[in-house]
Amino acid sequence: MVLKVLWRRTVEMKNDSLEQIRKEIDAVDRELAALLEKRMDLAARVSEYKIKNNMEVLDASREARVIENVLGAVSNKEYHESVRAVFESIMAQSRKYQEKLMAGKNRKKYALIGGKLSHSISPAIHELIFQKANIDGTYELCEARQEELPGFLQKLREQGFHGVNVTIPYKTEIMKYLDDISGSAKAIGAVNTVVLGDRTEGYNTDYDGFGKTLEYHGFDPGGKVCAVLGSGGASMAAVSYLEDHGAAEIIIVSRNPGAASGKFPGKRIIALGDYTAEETDLIVNATPVGMYPETGVSPLDKHQLAGASFLFDLIYNPKETLLMKHARELGIPCCNGLFMLVAQAVSAQEIWQGINFSPDLIKEIYSKMSEGDVHFYSF
């Protein structure tokens with residue numbers, strides 16, 4: 001009986017000792033974790049210095065010296081191999097973290113500002129541009145309410161964004177908050193591309209996208225009678241391009257002729273219901289009528305299209321709108337707005353990057369984006 005009691009006490013003492021040792025290990029582990037956190041903070045500061053001085057992340061000689069310095073502080077040489085392995089792992093993780101920070105600092109950030117953006121394909125288009133042009137960049141969707149707009153650009157700049165695109169309904173409104181606006185954007189009266197530098201600069205690449213789409217489809221507006229449906233920012237870009245490229249006449253077709261006449265002084269204004277295309281060479285639909293999800297409607301009835309030579313519907317979702325279906329049934333050549341979307345995105349990147357891309361880049365991305373059947377939101 002006495003032996004059993006002594007045995008039990010011996011086991012309890014051993015358990016108490018093991019538990020105490022484990023508690024000490026836990027305390028050391030917490031100290032190590034705190035020190036490792038401090039070390040990672042210092043590694044982040046090193047990254048900032050290297051970024052400013054354009055230095056490489058890896059400094060092999062420095063890491064070798066660190067290992068030797070650490071081992072010099074370990075008196076038990078039996079631990080040297082284990083300590084070396086631990087610190088090599090620590091430095092590898094530190095280096096990995098620095099590389100991540102440096103990549104993030106160098107990465108260029110862009111965004112799309114608008115009202116409702118959940119179906120936008122602009123990020124997919126810009127991602128393809130980044131890939132093909134070897135640009136380290138990201139492109140995000142930033143929905144904004146009307147009351148947020150005054151300080152929105154400054155907020156994005158503080159978050160490290162380099163530029164933004166602007167879409168419905170802010171292409172005209174955003175002009176109030178820019179330091180500089182290009183001459184063409186002023187003439188159009190709308191901005192869809194902004195550079196966020198020391199000063200905010202506004203441009204309009206819808207103009208370029210519109211023109212490149214007509215070129216791609218072989219339509220020359222010179223000497224032609226053109227009708228533009230709608231009087232918003234997209235229609236302003238279309239009208240400006242047609243004026244600059246010699247259109248004989250530009251007719252504005254609007255559901256609100258009074259408001260349209262104020263935006264397009266000197267132009268012939270026709271109410272939507274009164275328009276017929278008997279003497280029109282080009283019809284441009286710059287309204288959102290027929291765009292996803294309300295795809296079963298058209299701004300013009302089928303009989304109103306008869307006589308047109310070409311229809312350009314700026315909508316690209318669905319691929320064929322009801323308006324385009326009417327045109328096809330009448331034998332009128334037509335196109336949607338996907339090529340324009342891609343072309344204006346490439347033009348925006350040219351402004352942001354300060355370089356000119358090959359014209360083939362637009363065609364490559366257009367071909368890629370034309371694959372499949374996904375739902376898009378008009379840019």
Side-chain angles (χ1 to χ4, degrees), residues 51-52 103-115 117 120-144 146 148-212 232-234 236-237 240-241 244 340-359 361-362 365 378-379:
I51 290 169
K52 290 179 181 178
K105 290 286 187 180
N106 293 329
R107 185 170 295 122
K108 298 177 180 180
K109 296 172 62 177
Y110 305 97
L112 172 63
I113 299 175
L117 303 174
S120 174
I121 60 166
S122 288
I125 291 174
H126 286 274
E127 180 60 34
L128 285 172
I129 298 173
F130 294 148
Q131 290 176 11
K132 293 183 179 295
N134 196 29
I135 297 169
D136 185 9
T138 62
Y139 192 94
E140 303 176 23
L141 300 177
C142 295
E143 294 185 352
Q146 182 73 36
E148 294 179 301
L149 203 58
F152 209 72
L153 293 178
Q154 178 61 27
K155 175 183 174 183
L156 292 178
R157 183 160 53 185
E158 290 172 355
Q159 292 175 1
F161 284 86
H162 295 75
V164 296
N165 287 131
V166 185
T167 188
I168 299 170
Y170 303 132
K171 291 186 179 183
T172 299
E173 181 74 11
I174 199 70
M175 297 174 75
K176 299 178 184 177
Y177 312 109
L178 301 176
D179 296 318
D180 299 297
I181 301 173
S182 70
S184 59
K186 285 181 181 179
I188 293 167
V191 162
N192 79 321
T193 298
V194 177
V195 175
L196 297 177
D198 294 333
R199 297 174 63 80
T200 51
E201 303 170 7
Y203 301 85
N204 190 299
T205 63
D206 283 337
Y207 180 100
D208 297 323
F210 179 84
K212 289 175 181 176
M236 293 175 183
S240 183
Y241 182 89
D244 291 346
M340 177 176 172
L341 178 67
V342 173
Q344 65 78 28
V346 170
S347 292
Q349 285 290 344
E350 288 180 330
I351 291 171
W352 291 330
Q353 308 304 329
I355 58 177
N356 293 320
F357 298 122
S358 166
L361 179 62
I362 298 173
I365 296 175
S378 181
F379 179 10

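Residues: numbered from 1 along the sequence shown.
Closest non-hydrogen pair, Gly189 versus Met236, comes out as O-SD, 3.8 Å. Scanning both residues, Gly202 and Ala185, for their nearest heavy atoms gives O-CB, 4.2 Å. Thr205 and Ala348 get closest at one heavy-atom pair: CG2-N, 3.8 Å. Taking both residues in full, the closest heavy atoms of Gly209 and Ala343 are given as CA-CB, 3.7 Å, listed atom of the first, atom of the second, then distance. Taking every heavy atom of both residues into account, Lys171 and Asn192 meet most closely at CE-CB, 4.2 Å.
The structure places CG of Asp136 at 4.5 Å from CZ of Arg107, a figure rounded to the nearest 0.5 Å. Separating the CD atom in Gln344 from the OH atom in Tyr203 is a distance of 15.5 Å, to the nearest 0.5 Å. Atoms CD1 and OG1, from Ile174 and Thr193 in turn, are 11.5 Å apart once rounded to the nearest 0.5 Å. Going from atom CG of Leu196 over to atom CG of Leu156 covers 6.5 Å, rounded to the nearest 0.5 Å. Residue Thr138 holds its OG1 atom at 9.0 Å from CD of Glu127, rounded to the nearest 0.5 Å. Rounded to the nearest 0.5 Å, atoms CD1 (Ile135) and CD1 (Ile355) are 5.5 Å apart.
Thr172 pairs by the side chain to side chain contact (heavy atoms under 4.5 Å, CB included) definition with Ala190, not counting sequence neighbours. Remark: Gln146 pairs with Tyr170, Glu173 by the side chain to side chain contact (heavy atoms under 4.5 Å, CB included) rule, at least two apart or across chains. Listed by chain and number, the residues in a salt bridge (charged side-chain N to carboxylate O under 4.0 Å, His left out) with Asp180 are Arg199 (sequence neighbours excluded). Phe210 meets the ring pair (Phe, Tyr, Trp, His ring centres under 6.0 Å) test with Tyr241, Phe312; sequence neighbours excluded. Looking at residues two or more places apart in sequence or on another chain, you find no side-chain hydrogen bond (donor to acceptor under 3.5 Å, both in side chains) involving Gln159. In this structure, Ala187 has no side chain to side chain contact (heavy atoms under 4.5 Å, CB included) partners at least two apart in sequence or on a different chain. By the side-chain hydrogen bond (donor to acceptor under 3.5 Å, both in side chains) test, Ser358 is found to be paired with no residue, residues two or more places apart in sequence or in another chain being considered. By the salt bridge (charged side-chain N to carboxylate O under 4.0 Å, His left out) test, Glu148 pairs with Arg145, sequence neighbours left out. Contacts of Lys132 classified as side chain to side chain contact (heavy atoms under 4.5 Å, CB included), with partners at least two apart in sequence or in another chain: Leu361, Glu364, Ile365. Looking at residues two or more places apart in sequence or on another chain, you find no side-chain hydrogen bond (donor to acceptor under 3.5 Å, both in side chains) involving Ser240.
Judged by distance alone, with hydrogens and angles left aside, the side-chain atoms of Asn165 form no donor-acceptor pair with the main-chain N or O of Leu112 at under 3.5 Å. Trp352 contributes no side-chain N or O that, together with a main-chain N or O of Ser347, makes up a donor-acceptor pair within less than 3.5 Å.
Side chains of Asn204 and Ser182: a donor-acceptor N/O pair is absent below 3.5 angstrom, by distance only.
Residues Ile129 and Tyr139 form no side-chain contact, since every pair of their non-hydrogen atoms from C-beta on lies 4.5 Å or further apart. Between Leu153 and Leu178, some side-chain heavy-atom pair lies under the 4.5 Å cut-off. Under the 4.5 Å side-chain criterion, counting only non-hydrogen atoms from C-beta, Phe161 is in contact with Glu140. Side-chain atoms of Tyr177 and Leu149, non-hydrogen and from C-beta on, do get closer than 4.5 Å to each other. Side-chain contact between Phe357 and Gln349 is present, with at least one heavy-atom pair separated by less than 4.5 Å.
Judged as a salt bridge (charged side-chain N to carboxylate O under 4.0 Å, His left out), not a single pair has a partner in residues 155-165 (not counting sequence neighbours). Residue pairs meeting the salt bridge (charged side-chain N to carboxylate O under 4.0 Å, His left out) criterion with at least one member in residues 341-359: none, sequence neighbours excluded.
Paired with Phe152 under the rule side chain to side chain contact (heavy atoms under 4.5 Å, CB included), one option of Val166, Val164, Ile113 passes, and it is Ile113.
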